[in-house]
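Presented below is the structure to which this report refers.
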Amino acid sequence: YGTVLADEDGQGYRIWYDIWDGDCHNFYATSEDGLNWVRPNLGLVEHRASKENNLFFHRTRLDHMPQVIHTPWEADPEKRYKMINFDFGARPHERSDRGFWGATSPDGVRWTETSRNPVLPDPGDVGHFLWDPHRQRYLGYPKTFAQVRGSRRRSVGISATTQFERWPPTELILRPDEFDARWVKKEGQRTDFYGLSVFP
């Protein structure tokens, strides 16, 4: 999971991504051609007793899926980049702080938490977020759940806002139906929709 954006000068690419090894780790890399990537030593996050790595952000051991949105028109230069990522929270078994959390950055590398978190309480732990230039708003397509023929299925929801720190509850927009289950041959097989990448 993560985000790839063209560099601000149009000369390459930037990627924010996560890796799971029992914990979630959020990394940053750059590329001139989109094929060969450089992992810069950022010196920001300690991991295995060292800050010599390309980790750019760490909140808890279960924060993952960094979705970065570049907003160069933002009046506050400290908030030109927005990030929303899913976090199971400091208390993973309590749902009160689970959800999509926000952060802002002047450069896409050094991040500050938004004043209110989570910005979108827990609809499901996967989602895609972007800026909609046609309607001047942020869009989110988080995983949500729907009952389909007697079972709880992963489905797709939507949330839209003009205020990055305040997202309305997710609404269901897409769930599996009979057509999506046409391949099913035996008991226990089923179709889920897990993630949806969207482009304006």
Can you tell me if [X] has over 12 outside heavy atoms packed within less than 6.0 Å of its [atom1]?
{"X": "Y13", "atom1": "OH", "result": "no"}
{"X": "E46", "atom1": "CD", "result": "yes"}
{"X": "R135", "atom1": "CZ", "result": "no"}

Quick one: does any side-chain atom of [X] pair with a main-chain N or O of [Y] as donor and acceptor, under 3.5 Å?
{"X": "N41", "Y": "N53", "result": "yes"}
{"X": "D132", "Y": "H134", "result": "yes"}
{"X": "R166", "Y": "Q163", "result": "no"}
{"X": "R61", "Y": "G22", "result": "yes"}
{"X": "S159", "Y": "T170", "result": "no"}

Which atoms form the tightest heavy-atom contact between [X] and [Y], and what is the distance?
{"X": "A146", "Y": "L172", "value": "CB-CD2, 3.9 Å"}
{"X": "P200", "Y": "L130", "value": "CD-CD1, 3.5 Å"}
{"X": "R149", "Y": "A181", "value": "NH2-CB, 3.4 Å"}
{"X": "P40", "Y": "A29", "value": "CD-CA, 4.0 Å"}

Do [X] and [Y] make a side-chain contact, defined as non-hydrogen atoms from C-beta onward lying under 4.5 Å apart?
{"X": "Q67", "Y": "W16", "result": "no"}
{"X": "W183", "Y": "Q189", "result": "yes"}
{"X": "Y28", "Y": "L42", "result": "yes"}
{"X": "P142", "Y": "F100", "result": "yes"}
{"X": "D63", "Y": "H58", "result": "yes"}
{"X": "R137", "Y": "L139", "result": "yes"}

Y1/F86 aromatic ring centres below 6.0 Å:
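Judged by ring-centre distance (under 6.0 Å), Y1 and F86 do not meet the cut-off.
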message = Is it the case that the ring center of Y141 lies less than 6.0 angstrom away from the ring center of H128?
response = no
Nearest-0.5 Å distance, [atom1] of residue [X] to [atom2] of residue [Y]:
{"X": "L55", "Y": "D18", "atom1": "CG", "atom2": "CG", "value": "11.0 Å"}
{"X": "R14", "Y": "T3", "atom1": "CZ", "atom2": "OG1", "value": "11.5 Å"}
{"X": "C24", "Y": "D87", "atom1": "SG", "atom2": "CG", "value": "8.5 Å"}
{"X": "D125", "Y": "N85", "atom1": "CG", "atom2": "CG", "value": "11.5 Å"}
{"X": "F56", "Y": "D107", "atom1": "CZ", "atom2": "CG", "value": "11.5 Å"}
{"X": "R175", "Y": "D180", "atom1": "CZ", "atom2": "CG", "value": "11.0 Å"}

Shared hydrophobic cluster, [X] / [Y] (ILVMFWY, side-chain heavy atoms < 4.5 Å):
{"X": "V109", "Y": "I69", "answer": "no"}
{"X": "L62", "Y": "I19", "answer": "no"}
{"X": "V119", "Y": "F129", "answer": "yes"}

- Which word best sums up how the rings of Y138 and W167 line up, parallel for under 30°, tilted for 30 to 60°, or perpendicular for over 60°?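 Rings of Y138 and W167: tilted, 30 to 60°.
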* Asked: Should the pair F57 and W111 be assigned to parallel (<30°), tilted (30 to 60°) or perpendicular (>60°) ring geometry?
  ->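 Rings of F57 and W111: perpendicular, as their planes differ by over 60°.
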- Using the salt bridge (charged side-chain N to carboxylate O under 4.0 Å, His left out) rule, pick out the option among K79, R80, K82 that qualifies with E74.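 The option that passes is K82.
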Side chains of [X] and [Y]: donor-acceptor distance under 3.5 Å anywhere?
{"X": "N36", "Y": "E32", "answer": "no"}
{"X": "S151", "Y": "R153", "answer": "yes"}
{"X": "W101", "Y": "T114", "answer": "no"}

For F193, does the six-membered ring have the charged nitrogen or CZ of R154 within the cation-pi criterion, i.e. under 6.0 angstrom from the centroid and within 45° of the normal? no
Partner of W131 under ring-ring contact (aromatic ring centres under 6.0 Å, His included), picked from F164, W73, F199, is W73
